[in-house]
Amino acid sequence: MKNVFQRIIDEELPCDKVFENERIIAFKDIAPAAPVHILIVPKKHFPNISAIGPEDGELILEVVMVANELAKKFKITDGYRLLTNNGEKAGQTVFHLHFHLLGGTHLGPIA
Ligand code: AMP
């Protein structure tokens with residue numbers, strides 16, 4: 001069965017989209033943990049960051065560039081966090097690689 005992010009990518013489920021190109025989609029998290037909480041999702045399927053190899057370097061750089069642009073757009077350049085949970089023990093619940101962009105407040109400790 002398709003994961004929820006694959007269904008969003010395939011336009012089977014709605015999302016509050018803030019960015020899209022051929023390789024990446026970004027949308028607001030449905031349960032925000034900060035005033036700005038955006039998910040940046042490569043369209044190509046990887047279960048998580050541990051599946052990334054050297055051939056994916058350009059894609060990961062593009063994720064960072066999109067995050068930096070969205071940080072400007074959502075006016076959080078004074079402090080933001082870009083993170084990915086890798087595996088259930090790290091809190092990963094959707095097994096399609098995604099990066100959380102968080103900001104808009106003082107962020108607490110990471111763990
Ligand atoms: P993680 O726990 O790192 O796998 O992150 C999954 C994130 O996806 C959580 O922060 C959820 O709130 C978020 N999420 C789950 N379903 C949706 C959805 N349909 N639209 C937007 N965000 C979602």
Side-chain angles (χ1 to χ4, degrees):
M1 209 179 90
K2 280 186 191 178
N3 66 72
V4 63
F5 293 168
Q6 192 62 58
R7 294 187 67 198
I8 288 173
I9 291 163
D10 294 343
E11 296 181 338
E12 294 170 9
L13 283 178
C15 71
D16 193 346
K17 185 163 60 182
V18 295
F19 174 85
E20 184 169 23
N21 68 13
E22 306 78 51
R23 295 167 297 283
I24 293 170
I25 187 169
F27 48 88
K28 293 188 181 172
D29 197 292
I30 205 168
V36 177
H37 188 170
I38 293 166
L39 300 171
I40 303 173
V41 184
K43 291 183 177 178
K44 184 176 173 187
H45 178 76
F46 303 92
N48 52 36
I49 197 85
S50 67
I52 290 290
E55 66 279 12
D56 305 309
E58 254 179 60
L59 177 62
I60 299 304
L61 176 60
E62 192 175 8
V63 166
V64 173
M65 302 317 290
V66 168
N68 290 344
E69 283 309 311
L70 288 171
K72 283 183 212 155
K73 184 174 173 184
F74 285 88
K75 302 187 190 325
I76 56 169
T77 52
D78 57 338
Y80 57 99
R81 185 173 287 161
L82 182 63
L83 66 85
T84 187
N85 294 321
N86 191 86
E88 211 176 310
K89 210 170 167 182
Q92 185 177 5
T93 57
V94 179
F95 284 77
H96 182 114
L97 178 63
H98 56 281
F99 297 82
H100 298 253
L101 175 65
L102 297 149
T105 189
H106 279 273
L107 299 169
I110 290 173

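Note that these values count all heavy atoms, side chains included, but never hydrogens, waters or copies made by symmetry. Order of listing sets the numbers, starting from 1, for every ligand and every atom in it.
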So, K2 side chain and I8 main chain: donor-acceptor pair closer than 3.5 Å or not?
no
Side chains of L70 and I76, heavy atoms from C-beta outward: is any pair under 4.5 Å?
no
Without placing hydrogens or testing angles, list every side-chain donor-acceptor pair under 3.5 Å for residues 99-111, not counting sequence neighbours.
| residue | atom | partner | partner atom | Å |
| --- | --- | --- | --- | --- |
| H100 | ND1 | H37 | NE2 | 2.8 |

Mark yes when over 12 heavy atoms from residues, nucleotides or ligands other than E12 sit less than 6.0 Å from its CD; otherwise mark no.
yes
With F5 as reference, evaluate F27, F95, F46 under the ring-ring contact (aromatic ring centres under 6.0 Å, His included) test and give the passing residue.
F27
What residues come within 4.0 Å of ligand 1, counting heavy atoms only?
V4, F5, I8, F27, K28, D29, I30, A31, L39, N85, G91, Q92, T93, V94, H98, H100
For atom CD of E58, is the number of surrounding heavy atoms from other residues, nucleotides or ligands below 6.0 Å larger than 12?
no
